[in-house]
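The structure under discussion appears below in the form of structure tokens.
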Amino acid sequence: QVQLVESGGGAVQAGGSVRLSCAASGSTFSTYAMGWFRQAPGKEREFVVAISRDGTRTIYADSVKGRLNISRDNAKNTVYLQIISLKPEDTAVYYCAANRPHTYYSLTARSGEYEYWGQGTQVTVSS
């Protein structure tokens, strides 16, 4: 089992940046692909970005492509998400999630395929 704890959220002005962290428990972190999702008020949870087990492959949602960077440090059991040029529409609770991939490099944007979830961290962007 994997436990995930996000941190780094807060209130940010539009145009600013934020760096979120997701710390995982357990010794099997490197066997999981990791994803970030977000849920804005009154909206469904949506996929943001995912990174492969070894950090060499990523997939991004079109809505955030070019404005964010995902990375992971398997030695620290941590995945990071940096978002730049923040917009008010980026306001949401951001969740990290772990997926046991079917193949070494496979990635998915489907929330139902992620087995473990963190509790989320709030990012609020003001204009």
Side-chain angles (χ1 to χ4, degrees):
Q1 193 163 356
V2 178
Q3 291 186 327
L4 304 172
V5 179
E6 302 96 334
S7 61
V12 188
Q13 293 234 327
S17 64
V18 67
R19 188 188 192 215
L20 308 179
S21 300
C22 173
S25 66
S27 59
T28 60
F29 178 70
S30 63
T31 65
Y32 290 88
M34 298 298 295
W36 285 94
F37 292 76
R38 67 184 182 184
Q39 187 166 19
K43 296 188 177 181
E44 293 187 354
R45 189 175 299 185
E46 65 172 357
F47 170 75
V48 176
V49 62
I51 188 168
S52 61
R53 291 173 55 180
D54 63 354
T56 60
R57 283 197 67 230
T58 56
I59 55 173
Y60 294 84
D62 289 340
S63 60
V64 295
K65 208 169 188 178
R67 296 195 297 118
L68 62 82
N69 180 61
I70 185 172
S71 61
R72 66 188 294 164
D73 186 338
N74 287 344
K76 295 183 178 180
N77 283 10
T78 302
V79 60
Y80 305 96
L81 175 65
Q82 182 175 30
I83 312 174
I84 64 171
S85 302
L86 282 161
K87 306 174 182 179
E89 50 264 43
D90 292 320
T91 294
V93 178
Y94 285 74
Y95 299 89
C96 70
N99 160 255
R100 186 70 66 91
H102 297 298
T103 65
Y104 191 89
Y105 291 111
S106 65
L107 292 170
T108 180
R110 299 177 179 175
S111 61
E113 296 186 19
Y114 285 80
E115 295 95 331
Y116 302 104
W117 292 81
Q119 82 290 347
T121 185
Q122 176 73 48
V123 174
T124 303
V125 184
S126 59
S127 57

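Everything numeric here is computed off the predicted structure, so don't read it as measured data.
- Looking at residues two or more places apart in sequence or on another chain, you find a side-chain contact (heavy atoms from CB on, under 4.5 Å) between T31 and T28, R53, R100.
- The aromatic rings of F47 and F37 sit perpendicular, their planes meeting at an angle over 60°, well past the 30° parallel limit.
- Remark: Y60 pairs with no residue by the ring-ring contact (aromatic ring centres under 6.0 Å, His included) rule, at least two apart or across chains.
- Of the residues listed (N69, L68, V79), the one engaging V49 in a side chain to side chain contact (heavy atoms under 4.5 Å, CB included) is L68, and it is the only one.
- Grouping the Ile, Leu, Val, Met, Phe, Trp and Tyr side chains by contacts below 4.5 angstrom, directly or via other members, places F29 apart from L107.
- Identified under the salt bridge (Lys or Arg N to Asp or Glu O under 4.0 Å) test for residues 55-66, with sequence neighbours left out: none.
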Using side chain to side chain contact (heavy atoms under 4.5 Å, CB included), reason through I83 and V64 one step at a time and then give a plain yes or no. CA-CA 8 Å; I83 312 174; V64 295; 5.9 Å; no
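- Looking at residues two or more places apart in sequence or on another chain, you find no side chain to side chain donor-acceptor pair (under 3.5 Å) involving T58.
- Partners of S126 under the side chain to side chain donor-acceptor pair (under 3.5 Å) rule, at least two apart in sequence or in another chain, do not exist in this structure.
- Cluster annotation: I59 and W36 are assigned to distinct hydrophobic clusters (Ile/Leu/Val/Met/Phe/Trp/Tyr, side-chain heavy-atom contacts under 4.5 Å, transitive).
- Contacts classified as side-chain hydrogen bond (donor to acceptor under 3.5 Å, both in side chains) and involving residues 8-21 (residues at least two apart or in different chains) are not found.
- When the side chain to side chain donor-acceptor pair (under 3.5 Å) test is applied to D73, no partner is found at least two apart in sequence or on another chain.
- Here the shortest heavy-atom pairing between G8 and T121 reads N-OG1, 4.2 Å.
- The distance from atom OG of S30 to atom CG of N77, rounded to the nearest 0.5 Å, is 8.0 Å.
- Residues satisfying the side-chain contact (heavy atoms from CB on, under 4.5 Å) test with A98, not counting sequence neighbours, are L4, Y32, M34, Y116.
- Taking E115 as the reference, nothing meets the side chain to side chain donor-acceptor pair (under 3.5 Å) condition, with sequence neighbours excluded.
- In this structure, Y114 contributes its side chain and A33 its backbone to no donor-acceptor pair below 3.5 Å.
- Partners of D54 according to the side-chain contact (heavy atoms from CB on, under 4.5 Å) rule, which considers only residues two or more places apart in sequence or in another chain, are S52, T56, Y104, Y105.
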Using residues 86-94 as the side-chain source, report each donor-acceptor pair under 3.5 Å to any protein atom, sequence neighbours left out, with the distance given to one decimal.
from	atom 1	to	atom 2	distance (Å)
D90	OD1	R38	NH1	2.9
D90	OD1	R67	NH2	2.9
D90	OD2	R67	NH1	2.8
D90	OD2	R67	NH2	3.2
D90	OD2	K87	N	2.8
T91	OG1	P88	O	2.9
T91	OG1	V125	N	2.9
T91	OG1	V125	O	3.4
Y94	OH	R38	NH1	3.0
Y94	OH	D90	O	2.6

Determine, stepwise, if the pair V5 / Q3 fulfils side chain to side chain contact (heavy atoms under 4.5 Å, CB included). CA-CA 7 Å; V5 179; Q3 291 186 327; 5.7 Å; no
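- The distance from atom CD of Q122 to atom OG1 of T124, rounded to the nearest 0.5 Å, is 4.0 Å.
- Listed for the N99 side chain is a donor-acceptor partner under 3.5 Å among the backbone atoms of E113.
- For residues 6-122, the pairs satisfying disulfide (SG to SG under 2.5 Å) are C22-C96, with sequence neighbours left out.
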